[in-house]
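A short write-up of the structure that comes next.
Quick note on labels: first sequence line is chain A, next is B, and so on, each numbered from 1.
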2 protein chains.
Amino acid sequence: MEMNERKKGILKAVINEFILTAEPIGSRTISKKYDLNVSSATIRNEMADLEELGYLQQPHTSAGRIPSDKGYRFYVDSLINIEKIPESFEEMIRQKYLARKKEVQDIVQVTSRMLSHLTRYTALVASPSSPEYFFQHLQLVPLEGKKVAVIVVISSGLVQHQTVTLQNRPSREELEHISRLINDRLQGLELGRISNDVFRELEKELRDRTIFRELYRSLLEFFSEEGMNQEWGKIHLDGATNILEQPEFSDLEKVKVFLKLFEQEDMLKELLNKIPAEGLQVVIGKEVPLEEIRDCSLVVADYSFQDKTVGKMAILGPTRMNYPKVMATVNFMAEVLSKVLREED
Amino acid sequence: MEMNERKKGILKAVINEFILTAEPIGSRTISKKYDLNVSSATIRNEMADLEELGYLQQPHTSAGRIPSDKGYRFYVDSLINIEKIPESFEEMIRQKYLARKKEVQDIVQVTSRMLSHLTRYTALVASPSSPEYFFQHLQLVPLEGKKVAVIVVISSGLVQHQTVTLQNRPSREELEHISRLINDRLQGLELGRISNDVFRELEKELRDRTIFRELYRSLLEFFSEEGMNQEWGKIHLDGATNILEQPEFSDLEKVKVFLKLFEQEDMLKELLNKIPAEGLQVVIGKEVPLEEIRDCSLVVADYSFQDKTVGKMAILGPTRMNYPKVMATVNFMAEVLSKVLREED
DNA sequence: TGTTAGCACTCGGGTGATTAGAGTGCTAAG
DNA sequence: CTTAGCACTCTAATCACCCGAGTGCTAACA
């Protein structure tokens, strides 16, 4: 026994219907609502076959069928076309981006908010992060007392800052001297290459400056792998409560697990990192690399900046997700965001 | 009929017990568990009196009593002493602060996390914000292309930045000139006094510089009341899911309302603003100035920086909250945070 | 050979009745 | 004024029951 056109049609109908209703689908429903020109008995037989093939499953004997993960997989891979998003939408989205200050956090926030609003599921957006970014500028600004603000600008427009308290009050000249030296040395370097070595060389040159010694540690920390990871690639989440609208989350225990997860940013980060995002990816049910949400699906896309993939965005929802719509939306948003970032540049 | 010592003792016992169990408390429970030297019948009579006085209420005739808002109010005002936090705790908390980079966001985050962990309720912390802060330094850093990073430092260690795209690529000299002028003018000014007027004067001086014209708008926005509000005084929330552990939130609808609220930062901001926080405040049930959470209580304290109140922190939980513990914790955390900020300075 | 009508069977979930138990208020005695 | 005792109330849990949706199978039909 193998898949034929009629089986495909029935599978598609069942999944479409299940996405709509979240209830097990019986053969009668299909024969009435969909024009397949066969009786419910025939559909019943086909559904039994589809179950044997692993695409459908039955919660209990006297209930209808629901799709299995394998069923969804087939549906996503072979049965649907991604919806077309109307051109006019792009303009609207651009407006939203323009309305906000164009800091990285703002962009990420706007993106996640739009994603969650458009899909009514939960959106995750990782802010741009790439070891391939270039160092551009470092500025040391003396503050009150013994404090210094260390401001680092990488690639275009991405700024990070940090305050350091020194042992003694530094003079403005001293700070300027040091920042000039550091800038000369790091100018145009890829972040990934600003290793300890570079700093060790710098340390030699600046050995006599006690101030540098003190700055040294925090700069090292800043450019270390962990420092990088901590500051960049932060995950912004929106629409967490949307899952509460889904009938599969009427169980409080499940909700708990879910929301607990959302409070652990590192988990989410790892989750997204585990998904090899190039283009549009759909991860269904048991394929999800995170125990707690094995009954969910993820739709992930990457976005780029200066022609490099720098971040990902994702929609997290029940496996019974409106895939055509969500896939279209995520894909579209990733494209628009990449465009917006390119133009900004 | 009025309050006497025995009534107070019984009221206190009922509330303590209810805080523990979340179940209506009957007279027998009190007579058995608490050593009041009276029988359950006597307690029954007293409880009837307490109900008449409005301190207790009955969900239905054949159930025990639960405290009313008025009961909690009396309890908080007259029946409890705030627990003493052991000295050793302070050191532990300091360590936590030291372990993180000392940016404002980090401090706020650490604070809210600790609050929610210690109390097992939801913590809200408003980041420092005050029109009484002083302007300290502005730095314009040229980025790639036509972009400029505007970096503003206020008071000690509070840094904000923003990227602006200009019409033409600015020269480094030009930017330096402008920042020098702006710095001279704004140096040491209270943020609240950097009004349009100051900028208008600056505009006159710099009229010939087209670059300033372009920067003008974004600076104006930055120092405007809304800009200020948007950037400072952000609310950080932690332990949202803790409420799910509370039996009063076994109703999904209620959970929904709650979590939806948490996704609206401006609501939370308004909520905290409406509470005149000086010292430790407890807002109980119907006293809460926000419809959606009228069956909750808030314990709020303010914290200070440079001897001025700059922010608030709060614990949000069910009215059936462990007031002695929560009040002690919030009070303590606010004090420690103020101390840490003072020492930093 | 594939399709369909018909039918007996299964099973979950909703309905209603019953019951156990906790707690009360009242009364009367100490 | 306190307390033991008792009748009464009300909720929540349990159970039996039934309804209906849906199935798989069989037999007839094209």
Side-chain angles (χ1 to χ4, degrees), chain A residues 1-11 13-15 17-18 20-68 71 247-248 250-251, chain B residues 1-11 13-15 17-18 20-68 71 247-248 250-251:
Chain A
M1 170 190 28
E2 58 195 34
M3 243 4 193
N4 56 31
E5 282 312 308
R6 193 168 68 188
K7 280 196 177 56
K8 286 186 192 172
I10 291 173
L11 179 57
V14 170
I15 297 185
E17 200 60 21
F18 186 67
L20 240 61
T21 64
E23 304 275 312
I25 310 300
S27 51
R28 283 203 76 205
T29 317
I30 299 298
S31 80
K32 264 195 288 182
K33 275 198 149 188
Y34 292 78
D35 230 14
L36 297 173
N37 293 318
V38 282
S39 76
S40 68
T42 309
I43 294 178
R44 215 144 47 231
N45 289 329
E46 295 284 44
M47 278 165 86
D49 289 353
L50 283 167
E51 184 172 353
E52 208 178 317
L53 289 167
Y55 295 109
L56 294 179
Q57 54 195 48
Q58 245 179 328
H60 48 265
T61 30
S62 73
R65 258 66 171 211
I66 62 174
S68 67
E248 27 270 278
S250 56
D251 177 21
Chain B
M1 171 189 29
E2 59 195 32
M3 242 3 193
N4 56 29
E5 282 312 307
R6 193 169 67 189
K7 280 196 178 54
K8 285 186 193 173
I10 291 172
L11 179 57
V14 170
I15 297 185
E17 200 60 21
F18 186 69
L20 241 60
T21 63
E23 305 276 311
I25 310 300
S27 51
R28 282 203 77 204
T29 318
I30 300 298
S31 80
K32 263 196 288 183
K33 276 198 149 186
Y34 292 77
D35 230 13
L36 297 172
N37 295 317
V38 281
S39 75
S40 67
T42 309
I43 294 179
R44 214 141 52 229
N45 290 329
E46 295 284 45
M47 278 166 84
D49 288 353
L50 284 167
E51 184 171 352
E52 208 178 317
L53 289 167
Y55 296 108
L56 294 178
Q57 53 196 51
Q58 246 179 328
H60 49 265
T61 30
S62 73
R65 257 74 171 205
I66 62 174
S68 66
E248 27 270 277
S250 55
D251 178 21

Seminar exercise, completed: Under a 4.0 Å heavy-atom criterion, the protein footprint on nucleotides 3-14 of chain D, written with B, S and -, is BBB---BBS---
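- Between the CE atom of A/Met47 and the P atom of D/dG22 there is a distance of 9 Å, rounded to whole Å.
- Panel note: side chain A/Ser40, backbone A/Ser31; no donor-acceptor pair is recorded below 3.5 Å.
- Atom CD1 of B/Ile30 is separated from atom P of C/dT24 by 10 Å (rounded to the nearest Å).
- Rounded to whole Å, atom P of D/dT23 lies 13 Å from atom CD1 of A/Ile66.
- Side-chain contact check for B/Arg65 versus B/Leu50: every heavy-atom pair is 4.5 Å or farther apart.
- Between the P atom of D/dC1 and the NZ atom of B/Lys7 lies a distance of 11 Å, rounded to the nearest Å.
- One atom, CD of B/Glu46, and another, C1' of C/dG25, lie 15 Å apart when rounded to the nearest Å.
- Phosphate contact (OP1/OP2 of D/dT23, side-chain N/O of A/Arg65, threshold under 4.0 Å): present.
- If you take CD of A/Glu17 and P of D/dG22, they are 11 Å apart, rounded to a whole angstrom.
- A 4.5 Å side-chain heavy-atom check between B/Thr42 and B/Ser39 finds at least one atom pair inside the cut-off.
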For this session: Under the side chain to side chain contact (heavy atoms under 4.5 Å, CB included) rule, what do A/Glu46 and A/Asn4 come out as? Steps first, then yes or no, please.
Result: CA-CA 10 Å; A/Glu46 295 284 44; A/Asn4 56 31; 4.2 Å; yes
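- Two residues are said to be in side-chain contact when any heavy atoms from C-beta on lie closer than 4.5 Å; B/Met47 and B/Ile10 meet this criterion.
- Checking D/dG22, C/dT24, D/dT23 against the side-chain heavy atoms of B/Ser27 singles out C/dT24 as nearest.
- Atoms CG (B/Leu50) and P (C/dT24) sit 12 Å apart, rounded to a whole Å.
- Going from atom CG of A/Asp49 over to atom P of D/dC25 covers 12 Å, rounded to whole Å.
- Here the side chains of A/Met3 and A/Leu11 are in contact, with some heavy-atom distance below 4.5 Å.
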